[in-house]
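Contents: one structure, followed by commentary.
We name chains A, B, ... by the order of the sequence lines, and we start the count at 1 in each one. What you see below is based on every heavy atom in this structure, not just the backbone, and it leaves out hydrogens, waters and symmetry mates.
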2 protein chains.
Amino acid sequence: MTDTHAGVQPLDPRQLGAYFVLREAVSLLEHQVEQQLRADGDISYVQFQLLASLTNAPGPLTMTQLADGVVYSRSGLTYQAGLLEKAGLIARGPTPEDERATQVTITGKGRALVERVLPGHVELSRRLLFDPLSDDDVRHLGDIMTRVRDHMRAQPPRSAAPRKRRPTSPAATQD
Amino acid sequence: MTDTHAGVQPLDPRQLGAYFVLREAVSLLEHQVEQQLRADGDISYVQFQLLASLTNAPGPLTMTQLADGVVYSRSGLTYQAGLLEKAGLIARGPTPEDERATQVTITGKGRALVERVLPGHVELSRRLLFDPLSDDDVRHLGDIMTRVRDHMRAQPPRSAAPRKRRPTSPAATQD
DNA sequence: TATTGTTATACTCTATAACTATA
DNA sequence: TATAGTTATAGAGTATAACAATA
């Protein structure tokens with residue numbers, strides 16, 4: 001990459017390399033996982049995440065709670081929840097405390113699907129991600145990404161809710 | 001769909017945690033980067049990657065070379081290249097040596113766009129990814145993900161994959 | 001008025017298969 | 001026959017805005 005732009009301090013080449021190889025490796029991983037989930041359970045990773053969130057939760061979640069960290073728009077979640085409900089994997093109903101909210105419950109079929117899909121998911125991540133890594137690598141990777149995640153979550157306005165999102169700065173230099 | 005998964009050894013919780021936090025952190029990062037690229041240059045990350053590959057390459061690339069590591073189907077690349085060409089960022093022409101191939105060149109406008117977009121991209125990755133990391137973390141992260149990437153690239157395609165693997169070409173990678 | 005969630009809609013992107021043309 | 005690339009097309013997913021109901 002040419003670094004002939006004045007005014008901005010270029011990123012350390014080591015950082016630049018780490019960033020791009022991270023993106024590349026995760027892209028390859030994502031693609032493979034997507035195939036596995038589709039083949040084993042006919043769901044996407046997003047759908048898996050939603051089911052997994054419900055599985056891990058102590059009880060039903062509202063749509064807003066379910067959206068957190070998985071989806072970046074409310075309508076996106078409504079769309080996905082619609083698919084999951086049509087497939088009989090979740091159920092939606094009223095929330096007693098707040099009549100505006102929707103309570104989302106995972107069904108037995110939904111739990112069964114997670115159980116059916118999880119082994120392959122786990123096996124694949126082991127084969128693709130963990131095979132070439134030592135225990136220490138894994139520990140360090142988890143630690144690093146946890147810090148990064150927490151850092152990012154602390155920084156920007158929270159995701160799935162903002163009323164109005166205005167990306168600033170039009171590109172300035174002509175079209 | 002019928003998956004005989006008797007006796008699957010569960011993943012070490014540390015690995016499971018590392019996997020999911022990796023996916024989560026990268027998802028947040030991707031989303032932010034996508035916004036930055038769209039705001040600063042009206043391109044997607046895939047399009048940025050294609051332009052960056054051409055910028056880094058010593059000369060023009062064929063479509064096949066350009067596809068490597070960025071896109072997972074030929075038609076997907078044709079689609080993206082069509083957009084980039086329509087925007088005047090790349091040019092496509094015949095390849096002298098092989099009349100079947102298409103030679104892709106980046107235009108001055110394309111280079112200018114990369115230059116315009118890169119500072120913000122770099123700045124964002126520093127702020128989101130590298131701020132909470134030490135130099136040692138970055139070194140380790142780059143090392144880990146390089147090994148993972150190389151490992152995945154060496155893997156033979158899995159069951160349902162319609163045999164169309166490309167040979168690894170050294171030209172178009174970013175690190 | 002603000003918030004929860006849905007709907008309508010438009011758009012982006014991906015991927016399979018059929019096709020052309022070269023090798 | 002095999003490979004490079006395009007096209008046609010279908011489907012999945014996303015996001016914005018308008019909307020209704022409730023707080």
For the residue pair G142(A) and A18(B), what are the closest heavy atoms and their distance? CA-CB, 3.9 Å
Which residue lies more 5' along DNA chain D, comparing Y45(A) with R92(B) via nearest heavy atoms: R92(B)
Selection: residues 48-55 of chain A, any non-hydrogen atom under 4.0 Å of DNA chain C: none
Whole angstrom value for the distance that separates C1' of dT6(D) from CD of E85(B): 12 Å
Does T102(A) reach a base, just sugar-phosphate, or nothing at all? Heavy atoms under 4.0 Å. sugar-phosphate
Using salt bridge (Lys or Arg N to Asp or Glu O under 4.0 Å) as the criterion, list what pairs up with D150(B), not counting sequence neighbours. none
Listed by chain and number, what are the ring pair (Phe, Tyr, Trp, His ring centres under 6.0 Å) partners of H151(B), not counting sequence neighbours? none
For R92(B), enumerate each residue passing the salt bridge (Lys or Arg N to Asp or Glu O under 4.0 Å) test, keeping only those at least two apart in sequence or located in another chain. E85(B)
So which protein nitrogen or oxygen atoms get under 3.5 Å of nucleotides 21-23 of chain C's nitrogens or oxygens?
{"unit_1": "dA23(C)", "atom_1": "OP1", "unit_2": "E99(B)", "atom_2": "N", "d": "2.9"}

If I take atom CD in residue E30(A) and atom P in nucleotide dG13(D), what distance separates them, rounded to the nearest angstrom? 14 Å
Under 4.0 Å between any heavy atoms, over every strand shown, what does T62(B) touch: base, sugar-phosphate, or nothing? Just pick one. sugar-phosphate
Go through the structure and list residues passing side-chain contact (heavy atoms from CB on, under 4.5 Å) with D136(B), not counting sequence neighbours. H140(A), S134(B), R139(B)
Residues at least two apart in sequence or cross-chain that pass side chain to side chain donor-acceptor pair (under 3.5 Å) with R23(B), listed by chain then number, are Y19(B)
Pair up each side-chain donor or acceptor in residues 76-83 of chain A with any protein partner under 3.5 Å, not counting sequence neighbours, and list the distances.
{"unit_1": "T78(A)", "atom_1": "OG1", "unit_2": "R74(A)", "atom_2": "O", "d": "3.3"}
{"unit_1": "Q80(A)", "atom_1": "OE1", "unit_2": "Q47(A)", "atom_2": "NE2", "d": "2.8"}

Does R127(B) have any salt bridge (Lys or Arg N to Asp or Glu O under 4.0 Å) partners at least two apart in sequence or in another chain, and if so, which? none
Shortest non-hydrogen contact between V148(B) and A25(A), atoms and distance: CG1-CB, 4.3 Å
Distances under 3.5 Å between protein N/O atoms and the N/O atoms of nucleotides 9-14 of chain C, please, pair by pair.
{"unit_1": "dC13(C)", "atom_1": "OP1", "unit_2": "R38(B)", "atom_2": "NH2", "d": "3.4"}
{"unit_1": "dT14(C)", "atom_1": "OP2", "unit_2": "Q80(B)", "atom_2": "NE2", "d": "3.2"}

Those residues at least two apart in sequence (or on a different chain) that pass side-chain contact (heavy atoms from CB on, under 4.5 Å) with S27(B) are Y72(A)
Give a yes/no on whether any side-chain N or O of R74(B) is located under 4.0 angstrom from OP1 or OP2 of dA15(C). no
Sequence neighbours excluded, the answer for salt bridge (Lys or Arg N to Asp or Glu O under 4.0 Å) partners of R149(A) is E24(B)
